[in-house]
Student: 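Have a look at the structure that comes next, please.
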Amino acid sequence: MGLFVAQILTGLANAAALFLVASGLSLIFGVTRIVNFAHGSLYMLGAYVGVTLMAALPGHFGFWGSILLSGLIVGLIGVVIEICVLRPVYRAPELFQLVATFGVILVIQDLALMVWGAEDRLGPRAPGLTSVVRILGEPVPQYDLALIAITPFILFALWWLITRTRIGILVRAATQDREMVGALGVNQAWLFTGVFFLGSALAGLGGAIQLPKGGADLLMDLNIISAVFVVVVIGGMGSVTGAFLASVLISVLNVFGVAYLPQSTLVLMYVVMAIVLLIRPYGLFGREEKAGEHGQVGEPDRPVRPFGTLGRALTGLLLLALALLPVFGSSFSQVLVIDILIFCLFAASLQFILSTGGLVSFGHAVFYGAGAYVAALLITYADTPMEVAFLLAPISAGLIALVVGWFCIRLSGVYFAMLTLAFSQLGWSLVFQWNEVTGGDDGLVNIWPSAWLSGTTSYYYFTLVFVTAGILFLRHVVHSPFGYALRATRDSARQAEATGIDVRRVQWIGFALAGAIAGVAGALFVFSKGSVFPNEMQISKSFDALIVVFLGGVKTLSGGVVGATFLEGVKDWLIRLEYWRLIMGLLIICVVIIAPDGIVGTLRKVADRIGLGRQEEASR
Amino acid sequence: MTAVLKVENLAKHFGGIKAVNGVSFEVAPGELKALIGPNGAGKSTCFNMLMGQLKPTSGRVLFDGRDITGRPPREIWRLGVGRTFQITGTYQSMTVAENVQMALISHHRRLFAMLPRAHRLYREEAMALLETVGMADQADRACAILAYGDLKRLELAIALAHGPRLLLMDEPTAGMAPRERIRLMQLTADIVRERGVSVLFTEHDMDVVFAHSHHIMVLNRGELIAEGSAAEVRANARVQEVYLGGGTLFATEGADA
C-alpha cells in the first residue's frame with residue numbers, strides 16, 4: 001500500500017514539468033494552429049538557463065528566482081523565434097510551419113552545444129527541500145511534494161488567466177475563430193506573439209522546475225517532445241485542463257509501468273493515446289477541427305502530366321549513368337549511391353501519400369522500419385531464404401499500413417499527423433523494448449543477402465532495379481485513375497463524395513500502398529547493411545523523409561527523389577562539420593521562408609519565367 | 001406519372017431549432033422545379049438531406065420509389081442523382097476535361113485501376129459533355145484559373161456525367177453576373193427538355209425562377225407555405241407577406257411564439 005501511494009506521488013510530481021510544457025504547447029496550438037515541434041527545445045533551454053542562473057544566485061531566493069527568470073528568458077527566446085521564423089509562414093500550409101519548427105530544433109541543439117558544452121549538467125537541489133519524508137513507510141522526496149503542491153496553483157493561475165482576464169477572452173476567441181478576432185480589430189500578430197511568449201515561458205519553467213529531479217542534457221528536447229505530444233493529443237489540442245489531466249494520467253501510468261511492466265513502459269503511453277483517440281478522435285477536451293470549405297492553402301497544385309520526350313530522355317540518361325557507375329566508380333561510391341537510392345525510394349513513397357493524397361504522415365518511418373525488421377526477423381528466426389524475406393517484407397509493411405491507416409484515416413489534418421506519429425512511436429518502442437525478439441537496442445545483425453547478391457556491385461544493381469521500378473510505379477499510379485481519385489479526395493472531399501468516390505477507402509488504399517513501397521525501401525536497406533537497429537523507426541527518420549520531400553518541393557511529383565538525392569549527397573560532407581545541425585537547421589528555415597516551392601518547384605518557376613518548359617498559362 | 005423524387009414529412013432539428021419541419025413534395029419526370037424562400041428558410045438544409053450530406057431527424061426521401069433516406073452521398077449519386085453546390089467544389093489541380101473524366105471514371109467504376117493513364121480515359125465522353133455546356137474550347141485549361149461562371153458550367157457538366165435522372169442544384173447562379181445567370185438557366189432548361197432529366201433547384205434570383213421553372217415551392221422557417229405555377233405563387237398572399245413584408249407577419253409570429 002505504501003509503495004502504491006509513493007508511486008502515485010512520484011507520478012504526480014513528474015506530471016508537473018510535463019504539464020507545464022504540454023499546456024504551453026497546447027495554448028500555442030489553440031491560438032496559432034502551429035504545432036511547435038521545437039517546444040521540447042524550449043524546455044531544454046529552460047533547464048540550461050536554470051542551471052546557469054542557480055549557480056550564480058544562491059539561497060532560497062536564488063533558487064526560486066532562477067526558475068521564474070528561466071521562464072521569462074525562455075519566453076523571450078520564444079518571442080524571437082516567433083517573430084523571425086514563424087511570422088513569415090503563418091499563411092502557409094501547416095506542413096511548412098512544422099518543418100520550420102523542426103529547423104529550430106536543430107539550431108537550438110547546436111547553440112546549446114556551443115554555449116553549455118556536451119557534458120550533462122546536474123541540477124542543484126532545492127534549498128530546504130533536500131531530504132525525504134516518510135509516507136506510509138516509503139521515502140518520498142520533499143521536492144516531489146513541493147511540486148505536487150505547486151502544480152495546482154499553476155493550473156489555477158492559467159485557468160484564471162484564460163477565463164477571467166481580457167487576454168484570456170482574446171485567447172479563447174482566437175482559439176475558436178481567428179479571423180473573426182482579427183476582423184474585430186485585435187492585432188493578431190501581437191496576440192500570436194503574446195501567446196507564444198506565454199507558451200514558451202511555460203516550457204522554460206517546466207525545464208527549470210524539474211532540475212532538482214533531472215538536470216540538463218542535450219537529449220532532453222527530443223526525449224520529452226513525444227510525451228508532450230501524447231499529452232496534448234490525449235487532452236485535446238488547445239485545452240489546458242485536458243493537458244493537466246493527461247499529464248497526470250501519463251506520468252502516473254509511466255511510474256506504474258516502470259514498476260510492474262518494465263518491458264513496455266514506452267508502448268503503454270502510445271497504446272493509451274491510440275485508445276483515447278479511437279473513442280474521442282479529438283482528445284478528451286478537444287473540439288472537432290473545422291477545416292475550411294476546401295483544404296488547400298496557398299497556390300493550387302498544377303495539373304500533372306506524364307513526362308514528355310525531353311523528360312523521358314533525361315530520366316533515361318540518368319538511369320544509364322547510374323547503370324554505368326560500377327564500371328568507373330569505386331566500391332565506396334556504389335555503397336554511397338545505394339544509400340541514396342534507398343532513401344529516394346523511401347522519400348518517394350512519402351511524397352506519394354503526402355502530395356498526391358494530401359495526407360501529412362509524421363510516422364512514415366514505421367513502414368520503412370517494418371520492412372527492414374520483418375525481413376530481418378524472418379532471416380533470424382525462420383531461416384527464410386533472402387528472396388522470400390525480401391518479398392514478404394513489403395507485403396507485411398503494407399498490411400501494417402492497412403491497420404494503421406484504418407485508425408488514422410478517420411482523422412484529418414494535425415490530428416491525422418499526430419496519430420501517425422503515435423503509431424510510429426508505438427512501433428519504435430515495440431522494437432526498442434521487446435529485447436527477446438528484436439534484440440532491442442542491439443538490433444538484429446547478420447542479415448545478409450543470398451550469395452548471388454553478396455558482392456557490392458551485384459547488390460548495387462539489385463537496388464537500382466527495385467528503386468527504379470518502385471519510383472516509376474508510384475509515378476505511374478499518380479497518372480492512373482487511382483492516382484486521380486486520390487488527388488480528387490485531396491482537392492475536394494465533398495465533391496469526391498458527391499460523385500461516387502469513397503474518400504476514406506481511396507485514402508486508405510493509398511496509405512497502404514505508400515506503406516508497402518516504404519517497406520521495399522526498408523528491406524533493401526537491411527540487406528545492404530546486414531543489420532537493423534531501432535533508430536530506423538525513430539521520429540527523426542520520419543522527419544528526414546518529410547524534410548527532403550519539403551526540400552524537393554511538396555507540390556511536385558519528383559520533389560521527394562530530388563530532395564533525397566540532394567540531402568544524402570550533402571550530408572556526407574556536412575556531418576563532418578562540428579556544427580552541421582546549425583547549418584542544416586538554418587538551411588531548412590531559409591527554404592521554408594524564401595523558397596517554399598522547394599528545389600523542383602523553384603526550378604519550374606524559374607523555367608516558366610524565362611520561357612523554358614511547357615507553355616502553360618500562369619495560374620495567377 | 002410516378003414521381004422521380006418523393007419527399008415525405010422531412011424534418012431536421014438542430015437542438016431546439018427546427019430548420020426543416022415536415023416538408024413533403026414530389027418532383028415529376030422532366031420537371032424543372034424551384035424551391036425558393038428567404039435566407040434561413042431551410043433550403044440548403046433540405047438539399048443536404050436529399051443528397052445525404054445531412055441525416056434527417058425524421059421523414060423519408062424516395063428516389064424512383066426507393067428509400068434513400070440517410071444513405072451517404074456517393075450511394076445516392078450512383079443511383080442516378082446529380083448535384084451542384086452553392087460554392088463550387090471542382091478539383092483545382094486538374095484540367096477542365098479531367099474534372100469531367102474523374103466523374104466518368106467513378107461512374108464506370110474504374111477508381112481503383114492503377115494501369116491505364118487517367119487523362120486518356122473517357123476523353124471523348126468528357127468532351128461531349130463539355131460541348132453541351134459550351135466549355136469544350138477550355139477543356140485543357142487548369143481548373144484553378146477559370147472564371148466563376150465557367151466553373152458553374154463545368155460543375156453542370158460534371159453533374160451530368162453519370163446520366164442522372166434527377167439533378168439537385170443548390171443556387172446554381174449564385175455569384176454570377178446577371179447575363180450569365182440567364183444563360184446558365186436557359187442551358188439547364190434545354191438539358192431538362194432534351195434529356196428528360198428532372199431538376200430541383202434553389203434560387204434567390206426571382207427573374208431566373210419565374211422565367212424557367214415549371215413549378216415553384218416556397219419555404220419559410222422550415223415549412224412549405226405555398227406551391228404552384230409562377231403566377232399562382234406570385235399571387236399568393238403569404239408569399240407576398242414573406243418576401244415583401246406585411247403588417248400581419250410579426251403579429252402571427254408573436255402568436256406562434
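Numbers restart at 1 for each chain; the letters A, B, ... are given by sequence-line order, proteins then strands.
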Student: Relative to chain A, which of B:His107, B:Arg120, B:His162, B:Arg78 shows the most heavy atom pairs under 4.5 Å?
Tutor: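 Of B:His107, B:Arg120, B:His162, B:Arg78, B:Arg78 has the most heavy-atom pairs under 4.5 Å with chain A.
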
Student: Tell me which of these, A:Val478, A:Ile501, A:Val477, has more heavy-atom pairs under 4.5 Å with chain B than the rest.
Tutor: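 If we count pairs closer than 4.5 Å to chain B, A:Ile501 comes out on top.
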
Student: Check whether any side-chain heavy atom of B:Phe112 lies under 4.5 Å from a side-chain heavy atom of A:Pro481, and answer yes or no.
Tutor: no

Student: What residue, out of B:Leu111, B:Ile105, B:Leu115, has the most heavy-atom pairs lying under 4.5 Å from chain A?
Tutor: B:Leu111

Student: Looking only at heavy atoms and a cut-off of under 4.5 Å, which of B:Glu98, B:Gln101, B:Arg109, B:Met51 has the most pairs with chain A?
Tutor: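 So the answer, after comparing B:Glu98, B:Gln101, B:Arg109, B:Met51, is B:Glu98.
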
Student: Looking at chain B, which one of A:Val506, A:Val304, A:Asp502 has the largest number of heavy-atom pairs inside 4.5 Å, strictly under?
Tutor: A:Asp502

Student: Hey, could you give me the CD/CZ distance between A:Glu497 and B:Arg74, rounded to the nearest 0.5 Å?
Tutor: 4.5 Å

Student: Pair B:Met102, A:Arg487 - check side-chain contact (heavy atoms from CB on, under 4.5 Å), show working.
Tutor: CA-CA 10 Å; B:Met102 192 67 243; A:Arg487 211 139 49 86; over 6 Å; no

Student: Would you sort out whether A:Lys555 and B:Ser93 count as a side-chain contact (heavy atoms from CB on, under 4.5 Å), showing the intermediate values?
Tutor: CA-CA 10 Å; A:Lys555 295 185 170 183; B:Ser93 74; over 6 Å; no

Student: Considering all heavy atoms of both residues, which atom of A:Ser480 and which atom of B:Ala113 are nearest to each other, and what is their separation?
Tutor: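 Where A:Ser480 meets B:Ala113 most closely, the heavy atoms are OG-O, 3.4 Å.
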
Student: Side chain, backbone, both or neither: which part of B:Glu155 has an atom under 4.5 Å from a heavy atom of chain A?
Tutor: side chain

Student: Between A:Leu513 and chain B, which part of the residue has a heavy atom less than 4.5 Å away: side chain, backbone, both or neither?
Tutor: side chain

Student: Can you say whether B:Gln53 sits under 4.5 Å from chain A via the side chain, the backbone, both, or neither, judging by heavy atoms?
Tutor: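 When you check distances to chain A, only side chain atoms of B:Gln53 fall under 4.5 Å.
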
Student: Assess the residue pair B:Asn99 and A:Gln495 against the criterion (side-chain contact (heavy atoms from CB on, under 4.5 Å)); give the C-alpha distance rounded to whole Å, side-chain angles, the decisive distance to 0.1 Å, and a yes or no.
Tutor: CA-CA 10 Å; B:Asn99 261 281; A:Gln495 174 82 359; 5.7 Å; no

Student: Might you work through the side-chain contact (heavy atoms from CB on, under 4.5 Å) test for B:His119 and A:Tyr484, ending with a clear yes or no?
Tutor: CA-CA 9 Å; B:His119 71 111; A:Tyr484 271 61; 3.7 Å; yes

Student: Highest number of heavy-atom pairs under 4.5 Å with chain A: which of B:Gly52, B:Pro116, B:Ala103?
Tutor: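 If we count pairs closer than 4.5 Å to chain A, B:Pro116 comes out on top.
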
Student: Around atom CD of B:Glu75, are there more than 12 heavy atoms of other residues, nucleotides or ligands at under 6.0 Å?
Tutor: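 More than 12 within 6.0 Å, yes.
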
Student: Let me know if B:Met94 has heavy atoms under 4.5 Å from chain A in its side chain, its backbone, both or neither.
Tutor: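 Looking at B:Met94, backbone and side chain both touch chain A.
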
Student: Given that the side chain runs from C-beta out, which part of B:Ile76 has a heavy atom under 4.5 Å from chain A: side chain, backbone, both or neither?
Tutor: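 Nothing of B:Ile76, per the 4.5 Å heavy-atom cut-off to chain A.
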
Student: If we count only N and O atoms by modelled type, under 3.5 Å, do the side chains of A:Thr499 and B:Arg83 hold a donor and an acceptor together?
Tutor: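 On atom types as modelled, these side chains do not qualify, holding no pair under 3.5 Å.
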
Student: Is chain A contacted by the side chain of B:Met114, its backbone, both, or neither, given a heavy-atom distance below 4.5 Å?
Tutor: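 Contact with chain A is through both the backbone and side chain of B:Met114.
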
Student: Can you tell me which portion of A:Ile509 sits under 4.5 Å from chain B's heavy atoms? Options are side chain, backbone, both or neither.
Tutor: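 Side chain only.
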
Student: Give a yes/no verdict on a cation-pi contact between A:Arg494 and B:Phe85, requiring under 6.0 Å between NZ or CZ and the six-membered ring centre and an angle within 45° of the axis.
Tutor: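 Yes, a cation-pi geometry holds between A:Arg494 and B:Phe85.
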
Student: CD1/B:Ile87 to OG/A:Ser492 distance, rounded to the nearest 0.5 angstrom?
Tutor: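 Separation between the atoms: 11.0 Å.
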
